[in-house]
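As the structure is a prediction and not an experimental result, all values here were calculated from the model. Letters A, B, ... mirror the listed sequences (proteins, then strands); counts begin at 1.
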Amino acid sequence: MVTPRVLSRVFYARDTVMVARELLGKFLVHYLPEGTAIGRIVETEAYLQNDPACHAARGLTKRNRVMFGPPGHAYIYFIYGMHYCFNVVTREEGVGEAVLIRALEPISLPKDRQASNLPRRVGFQPAPKVNLCRGPARLVQAMGITKACNGFDLTNKGPLVIWAAENVPSEKIVTTNRIGIKAGQELPLRFYAADSPYVSKKIKTKFRGENSEVR
DNA sequence: CTCTGGATTGAC
DNA sequence: TCAATCCAGAGG
């Protein structure tokens, strides 16, 4: 078996939409004490600095400061009083842009179940594989990612890295508007692998000619 | 200091 | 359709 190549800084230091599209098919890897968690990225969203839905749209704050830092770092934020979401920082230092990872195809999860560290998950039976990493907050739990990972360098030796892999070909990428936001809802900044059953939701898109898909 | 709403999820 | 659950950010 060949040693996988970790995506380097130059991969992330580019146009955020391009990074969001090219992250599809790559492998998110987390080295945990109990084993290695691996998931194949199948759904992403781009957040741009001049985009009202972006945390960085109104300038540098304590929460979003890693978005303005060097590319290839993890930006993790707390939302809805109970969930965390995982992003990768893009563009050069000083520009606040990132890609939200919205779904993974589970490849290897040491804890092959939904994490039970949140009250609502306690006592839950193991979830079907298709649901384990379907959704940004679910994948964070299944991969063992926590707020302590905020700011981690993904281009280093770990514990959190992304392995290079072949791009999902352009004709197999569906483009839609982003999920769960209000401002900026009209922008075509969500991307997913058309063939994957592990995508959070397949929605009607307004964006014809972008491999729009229904349901 | 107070207030509002959110890049979600799971239950009803 | 809606509650859970809490903090970031904006405004006074």
Dump the pairs, protein N or O against N or O of nucleotides 2-5 of chain B, anything under 3.5 Å, distances to one decimal.
none

field: Between C1' of dC2(C) and CE of M82(A), the distance in whole Å
entry: 12 Å
statement: Sorted by number, residues from residues 37-56 of chain A placing a heavy atom under 4.0 Å from DNA chain C are none
query: Among all residues two or more places apart in sequence or in another chain, which pass the side chain to side chain donor-acceptor pair (under 3.5 Å) test with R134(A)?
result: N131(A)
- prompt: K172(A) side chain to A194(A) main-chain N or O, any donor-acceptor pair under 3.5 Å?
  reply: no
- prompt: CZ of F78(A) versus C1' of dA8(C): gap in Å, rounded?
  reply: 11 Å
field: Donor-acceptor pair, side chain of N150(A) and main chain of K147(A), under 3.5 angstrom
entry: no
- request: Tell me, please, which residues at least two apart from S108(A) pass side chain to side chain donor-acceptor pair (under 3.5 Å).
  value: none
query: Starting at CZ of R102(A) and ending at C1' of dT8(B), how long is that distance when rounded to a whole Å?
result: 8 Å
query: Taking only residues two or more places apart in sequence or in another chain, which ones pass side chain to side chain donor-acceptor pair (under 3.5 Å) with H30(A)?
result: none
task: Could you tell me which residues satisfy side chain to side chain donor-acceptor pair (under 3.5 Å) with R9(A), sequence neighbours excluded, listed by chain and number?
output: D153(A), T155(A)
query: Do any of residues 57-69 of chain A sit with a heavy atom less than 4.0 Å from DNA chain C, and if so which?
result: R58(A), T61(A), R63(A)
- prompt: Given pairs defined as Watson-Crick or G-U wobble with both distances under 3.5 Å, what dot-bracket annotation applies to DNA chain C, with ( ) intrastrand, [ ] crossing, | other strand and . unpaired?
  reply: ||||.||||||.
Euclidean distance, atom CZ of residue R178(A) to atom P of dT8(B) [Å, nearest integer]: 11 Å
message: Whole angstroms only, please: what is the CG-P distance between L187(A) and dA7(B)?
response: 14 Å
message: For a quick test of reading the model: is some side-chain N or O of R134(A) closer than 4.0 Å to OP1 or OP2 of dT8(B)?
response: no
Qualifying residues under salt bridge (Lys or Arg N to Asp or Glu O under 4.0 Å), relative to R58(A), sequence neighbours excluded: none
query: Do any pairs count as a salt bridge (Lys or Arg N to Asp or Glu O under 4.0 Å) and have a residue in residues 36-57 of chain A, sequence neighbours left out, and if so which ones?
result: R40(A)-E105(A), E43(A)-R102(A), E43(A)-R190(A), E45(A)-R102(A), D51(A)-R178(A)
query: Rounded to the nearest Å, what distance is computed from the CG atom of residue L100(A) to the C1' atom of nucleotide dA7(B)?
result: 5 Å
task: Round to the nearest Å and state the distance from K147(A) atom NZ to dA8(C) atom C1'.
output: 14 Å
Kindly list each side-chain donor-acceptor pair under 3.5 angstrom involving residues 89-100 of chain A, sequence neighbours excluded, with atom names and distances?
from   : atom 1 : to     : atom 2 : distance (Å)
T90(A) : OG1    : T16(A) : OG1    : 2.7
T90(A) : OG1    : E97(A) : O      : 3.4
E97(A) : OE1    : T16(A) : OG1    : 2.6
E97(A) : OE2    : Q49(A) : N      : 3.1

I'd like a table of donor-acceptor pairs (distance under 3.5 Å, sequence neighbours excluded) in which one partner is a side-chain atom from residues 73-81 of chain A, with atom names and distances.
from   : atom 1 : to      : atom 2 : distance (Å)
H73(A) : ND1    : G151(A) : O      : 2.9
Y75(A) : OH     : H55(A)  : ND1    : 2.7

